[in-house]
Each structure stands twice: as structure tokens, then as C-alpha cells.
J.: 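One structure follows; several queries about it will come next.
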Amino acid sequence: MSETRDTGRIKTDREIELMGNSSRMVAETLKILGDLLGPGKTTGELDRVAEDFIRSSGGVPSFKGYRGFPASICASVNSEVVHGIPGSRVLENGDIISIDVGVVKDGYHGDGAATFPVGEISGQAMELLETTRDALGAGIGEAVHGNMVRDISAAVQKVIEDRGFSVVTDYTGHGIGKNMHEDPQIPNFVTNGDKSMLASGMALAIEPMVNIGGSEVKTKADGWTVITKDGSLSAHFEHTVVVRDDKAGILTKV
Ligand code: MG
């Protein structure tokens, strides 16, 4: 049967419970940072608050040291897409900042991201944030037993392109569990060869990355920060979810 190859990815109820704990910590961290950030704050300050909160709650920030990444969160401002390194950059009124948080606790990972306005942002920037959040919601809506991964991809892509924005295709969502990145990949666009099936109990990180301008991105000289090639704004929302029969469960919530 075609679905048997997915059996290894199905989590037990106990595993989902543990992933719920780490994922809740991710959501709490994002809430704290969202309340804290504003004009005059540095991205490094946000990183320190996140690391203190995660460690004092009994978790470990899973990004820190991952392939040498130097911080606990990714902080990507304006035209930075993902993997921005927190530091001395001061947030200014009108910026947008994408914050990505990963936590491992009791051996299981949670992963989530959100893009926040800094002070007053433009109408177009607000529309970008709303579109990316809606695309994530549409993708989660397809994360049910018996659907294919490409149903998630198609739903995400449609929301983004219907509103005239571009899908970043160089990075994808992913399965998650004992490892931060597991099979299957969850592209934010339809790829013809993808025949992966979804089954109840699979845990997925769905994470659309959306640009106002073109879809092309490049990596900065720091080796991490991904930016849009044309300098346009970019947004990123992510939830860790569990596939269920009728409706996916969102684990990265407070
Ligand atoms: Mg992720």
C-alpha cells in the first residue's frame, strides 16, 4: 500500500503530548517577544529574553548551535526572509520583523514563527503580514488524514498568488519530532513529483515565506541571513501542527 512508507512518521499520543509542551513554549516565547518589541529595541535584546525564558521554563533553544547558528531565535527584519542573526540592529518605526523560535524539551521539538509590525507600518506591509498568516491558515486547513502534502502546498500558494505576492521556493516546511527537520518536506508551492500522503498523527511545521516583490532570494555574507534579491519586504509565519482525521491540531499555541 502506498501509505505504508509514511508509518515511521506517525507520532504516538505521548509523543504529541511532549511536542505540545515544547510547541507551547515556542508560542509563549513569540507572545512575549511580540509584546516586548518596538522602536528602539535591538534584535539581540529579543534573543536574550527568548533564551532566558526558554531555559527557565526547562527547554533548550534548538536553533542555538544548530550547524553553528549563534543565537536562540532568528530575527529577520524587512527584506530579510529567514535566518537573520540577532545582534545590535535597532528596530525602527515602520519595520517588520520575522521571529522564528525552536524549542526542544524532553527530546521533542516545536517550531514556530511570526512576523510583527514595529510601530506603525504601511498598508502594503500590513497586507503582506495578513496574506502570509492567511496562507498558513489555508495550509493548516488541508493538513488532514488522506490528503496529500501537495494539498497543503496548493492552498498556501493560492492565497499568496491570488493577492499578487510571491512564494519563496528555496525553503520549505518540514516534518518535525525528535528532530527539528524530518520528512516530508512541505513546499509552499506545488511540485509535480510530490506524491507524499498525510496521515493522522504526523507532525508538520508549515511555514510560508512571502515576498512583496519577486520570489528570488540570496544569502548574505554572514552565511545565514536570507534576503530578497530585489530588496522587497518579506514575511514568515509558521505553526507546528498534528495531522488529524477532521481538523489539524495546532501545537504552537499558548
Ligand atoms: Mg521550521
Side-chain angles (χ1 to χ4, degrees), residues 9 11 15-16 18-30 33 47 50 54 59-76 80-86 97-105 107-116 132-133 135-140 142-143 149 152-153 155-157 160 167-189 191 194 196 198 202-211 217 219 224-226 234-243 248-253:
R9 301 168 188 159
K11 270 68 180 181
E15 287 182 298
I16 296 298
L18 293 173
M19 291 188 68
N21 294 339
S22 54
S23 297
R24 193 177 316 108
M25 214 179 289
V26 167
E28 288 168 349
T29 305
L30 285 169
L33 298 184
D47 183 59
I54 292 166
V60 173
S62 37
F63 298 169
K64 194 153 196 179
Y66 179 77
R67 294 184 182 167
F69 190 76
S72 295
I73 63 169
C74 299
S76 308
E80 297 173 351
V81 181
V82 286
H83 305 164
I85 301 173
I97 177 171
S98 300
I99 299 176
D100 198 344
V101 179
V103 171
V104 59
K105 186 173 189 298
Y108 287 87
H109 289 261
D111 192 2
T115 303
F116 299 92
T132 311
R133 195 189 293 115
L136 173 58
I140 292 171
E142 298 295 326
V149 167
I152 298 175
S153 306
V156 168
Q157 183 174 19
I160 296 164
V167 177
V168 174
T169 56
D170 286 17
Y171 299 88
T172 69
H174 48 91
I176 182 168
K178 284 184 179 174
N179 304 290
M180 188 161 52
H181 298 116
E182 299 184 353
D183 284 340
Q185 284 198 345
I186 313 292
N188 296 304
F189 55 98
T191 58
D194 191 350
S196 304
L198 298 173
M202 290 172 71
L204 310 174
I206 304 175
E207 50 175 325
M209 288 149 255
V210 182
N211 299 345
V217 299
T219 305
W224 282 105
T225 313
V226 177
S234 187
H236 178 211
F237 282 82
E238 175 179 28
H239 275 306
T240 294
V241 307
V242 56
V243 176
I250 298 175
L251 300 181
T252 33
K253 64 180 183 191

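Indexing begins at 1, ligand by ligand and atom by atom, following the structure's order. Basis for what follows: all heavy atoms, side chains included, without hydrogens, waters or symmetry-related copies. Nothing fancy with the numbering, it's 1 onward along the sequence.
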J.: Do any N/O/S atoms of E207 come under 2.8 Å of the Mg ion (ligand 1)?
T.: yes
J.: Are the aromatic ring centres of H181 and Y66 under 6.0 angstrom apart?
T.: yes
J.: For the Mg ion (ligand 1), what is the closest N, O or S atom on D111?
T.: OD2
J.: Looking at E238, which of its N, O or S atoms is the nearest one to the Mg ion (ligand 1)?
T.: OE2
J.: Would you call E182-K11 a salt bridge at under 4.0 Å N-O?
T.: yes
J.: Do you know which two heavy atoms are closest between F69 and C74, and how far apart they sit?
T.: CZ-SG, 3.8 Å
J.: Distance check below 2.8 Å: does H181 bring an N, O or S atom to the Mg ion (ligand 1)?
T.: no
J.: Tell me the closest heavy-atom pair linking A135 and I160, and the distance in Å.
T.: CB-CG1, 3.7 Å
